[in-house]
There are 2 protein chains.
Amino acid sequence: MKDIITHLNPAFDHRNRLGIMSILVVNDWVDYNTLKELLSLTDGNLASHLKALELQDFIAVRKKFVGRKPQTTYGATAAGRAAFKAHLDTLEALLHIAREGELD
Amino acid sequence: MKDIITHLNPAFDHRNRLGIMSILVVNDWVDYNTLKELLSLTDGNLASHLKALELQDFIAVRKKFVGRKPQTTYGATAAGRAAFKAHLDTLEALLHIAREGELD
DNA sequence: AAAAGAACTTTGTAACGCAAAGTTAACTGA
DNA sequence: TCAGTTAACTTTGCGTTACAAAGTTCTTTT
């Protein structure tokens, strides 16, 4: 059990972080407002979660123009994908324990 | 996606809470020190997580004696089991989305 | 009598989560 | 042309959380 818990990454504890990463691992370059809408977060709140993930190099920011209008999009980095995958694998292991497993 | 995230219970966000509940749903009445050891938490830290879960009626406390020595054990309540199960089901849905799913 | 263990509580601190308001730069409609 | 709007933040402020470490009470062990 100890091994499992320590393999969960604190950066992904929070449900909104799980949400952000889940979106970004299956969709390349999602823009700010789409994320905001999908997760029903306020501007500031979303920005701070994104910044935290960016500081750990789990997501990357790309600024481009749509026509002449700037647009910010976010994507998961290779490191982010790897870390998140490991997190999900660990969660899955926990699911199994919590459903049928033994205490060990 | 919005639906999924909102179905995750904030009380179970933290990995240590996941650990406590996972242990308690498959083992009836686990004592303090066993939990502490299984999760490698300090006394105070474990106590505060337990208290938070107890305040929400997700776990119950039972004090008994082993010989003449008092022992505190913890168990998941029916409400705790139900809420945790719902949480795990939601996590599982998220796992699927994050592995193959679409953005919706 | 002294040391140790169980199960906390208290204290203190740093980080976190959040909403709301402020900001900057661009774009749009009248 | 200029008031209003949108994008994408940053800042502010506040209540909560996570945590370690130390203190507490009661009891057992030596």
Side-chain angles (χ1 to χ4, degrees), chain A residues 2 4-24 27 29-56 58-75 87, chain B residues 2 4-24 27 29-56 58-75 87:
Chain A
K2 188 181 317 192
I4 292 187
I5 300 300
T6 58
H7 278 98
L8 288 173
N9 193 327
F12 304 133
D13 269 355
H14 199 281
R15 63 204 177 287
N16 289 334
R17 304 276 180 88
L18 287 176
I20 290 170
M21 291 305 293
S22 295
I23 291 169
L24 296 186
N27 301 95
W29 307 108
V30 179
D31 68 277
Y32 192 89
N33 280 302
T34 301
L35 285 173
K36 198 175 81 171
E37 200 179 303
L38 285 172
L39 299 164
S40 334
L41 296 179
T42 56
D43 279 331
N45 198 190
L46 172 58
S48 70
H49 283 298
L50 289 172
K51 172 132 322 184
L53 292 170
E54 197 194 339
L55 283 177
Q56 315 219 28
F58 289 157
I59 65 173
V61 184
R62 176 182 288 174
K63 303 194 181 255
K64 61 170 182 171
F65 282 82
V66 179
R68 285 221 238 137
K69 201 167 162 183
Q71 190 189 37
T72 308
T73 56
Y74 298 86
H87 189 81
Chain B
K2 189 181 316 190
I4 292 189
I5 300 300
T6 58
H7 278 99
L8 289 173
N9 193 327
F12 304 133
D13 269 355
H14 199 278
R15 63 204 176 286
N16 288 334
R17 306 275 181 88
L18 287 176
I20 290 170
M21 292 305 293
S22 295
I23 291 169
L24 297 185
N27 301 95
W29 306 109
V30 179
D31 68 277
Y32 192 88
N33 280 303
T34 302
L35 285 174
K36 198 176 81 170
E37 199 179 303
L38 285 172
L39 299 164
S40 335
L41 296 179
T42 55
D43 279 331
N45 199 188
L46 172 58
S48 70
H49 282 299
L50 288 172
K51 172 133 319 185
L53 292 171
E54 197 194 339
L55 283 177
Q56 314 219 27
F58 289 157
I59 65 173
V61 183
R62 176 182 289 175
K63 303 196 180 252
K64 60 170 182 172
F65 282 83
V66 178
R68 286 219 238 138
K69 202 168 162 182
Q71 190 189 37
T72 308
T73 55
Y74 298 86
H87 189 82

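Scope of the values below: all heavy atoms of this structure, side chains included, with no hydrogens, waters or symmetry mates. Since this is a predicted model, take the numbers as computed values, not measurements. Within every chain, numbering begins at 1; the chains are lettered A, B, ... in the order of the sequence lines, protein sequences first and strands thereafter.
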Nucleotides 17-21 of chain D: which of its N/O atoms have a protein N/O under 3.5 Å away?
{"residue": "dA18(D)", "atom": "OP2", "partner": "Arg17(B)", "partner atom": "NH2", "Å": "2.8"}
{"residue": "dC19(D)", "atom": "OP1", "partner": "Arg15(B)", "partner atom": "NH2", "Å": "3.3"}
{"residue": "dC19(D)", "atom": "OP2", "partner": "Asn16(B)", "partner atom": "ND2", "Å": "3.2"}
{"residue": "dC19(D)", "atom": "OP2", "partner": "Asn45(B)", "partner atom": "OD1", "Å": "3.2"}
{"residue": "dC19(D)", "atom": "OP2", "partner": "His49(B)", "partner atom": "NE2", "Å": "3.0"}
{"residue": "dC19(D)", "atom": "O5'", "partner": "Asn45(B)", "partner atom": "OD1", "Å": "3.0"}
{"residue": "dA20(D)", "atom": "OP2", "partner": "Thr42(B)", "partner atom": "OG1", "Å": "2.8"}

With side-chain contact (heavy atoms from CB on, under 4.5 Å) as the test, would you mind laying out the steps for Met21(B) and Ile59(B) before giving the verdict? CA-CA 8 Å; Met21(B) 292 305 293; Ile59(B) 65 173; 3.8 Å; yes

I want to check one thing: is the phosphate of dT9(C), taken as OP1 and OP2, less than 4.0 Å away from some side-chain N or O of Lys51(B)? yes

Just so I know, are the side chains of [X] and [Y] near enough to count as touching, which here means a heavy-atom distance under 4.5 Å?
| X | Y | answer |
| --- | --- | --- |
| Phe58(B) | Ile20(B) | no |
| Leu24(B) | Leu53(B) | no |
| Leu46(B) | Asn16(B) | no |

Could you state the atom-to-atom distance from [atom1] of [X] to [atom2] of [N] in whole Å?
| X | N | atom1 | atom2 | value |
| --- | --- | --- | --- | --- |
| Leu55(A) | dT10(D) | CG | C1' | 14 Å |
| Leu50(B) | dT9(C) | CG | P | 10 Å |
| Glu54(A) | dA8(D) | CD | P | 14 Å |
| Leu35(B) | dA6(C) | CG | P | 13 Å |
| Asp13(B) | dC18(C) | CG | C1' | 14 Å |
| Arg62(A) | dA8(D) | CZ | P | 15 Å |

For a quick test of reading the model, state the closest non-hydrogen atom pair linking Arg17(A) to Ala52(A) and the distance between them. NH2-CB, 3.6 Å

Might you point out which heavy atoms bring His14(B) and His49(B) nearest each other, and give the distance in Å? ND1-CE1, 4.2 Å

With 3.5 Å as the limit, what N/O pairs link the protein to nucleotides 4-7 of chain D?
none

Could you check Asn27(A), Leu50(A), Val30(A) and say which one makes a side chain to side chain contact (heavy atoms under 4.5 Å, CB included) with Tyr74(A)? Leu50(A)

After noting the C-alpha distance and the side-chain angles of Asn45(A) and Thr42(A), does the key distance pass the side-chain hydrogen bond (donor to acceptor under 3.5 Å, both in side chains) rule? CA-CA 5 Å; Asn45(A) 198 190; Thr42(A) 56; 4.5 Å; no

His7(A) NE2: over 12 foreign heavy atoms closer than 6.0 Å: no

Using the C1' atoms of the five pairs at each end, what is the angle between the end axes of the helix from dA1(C)-dT30(D) to dA30(C)-dT1(D), to 10°? 0°

Check the pair Thr73(A), Thr34(A) against side-chain contact (heavy atoms from CB on, under 4.5 Å), reporting the backbone distance first and the verdict last. CA-CA 9 Å; Thr73(A) 56; Thr34(A) 301; over 6 Å; no

Test side-chain contact (heavy atoms from CB on, under 4.5 Å) applied to His87(B) and Leu8(B), step by step: CA-CA 5 Å; His87(B) 189 82; Leu8(B) 289 173; 3.7 Å; yes

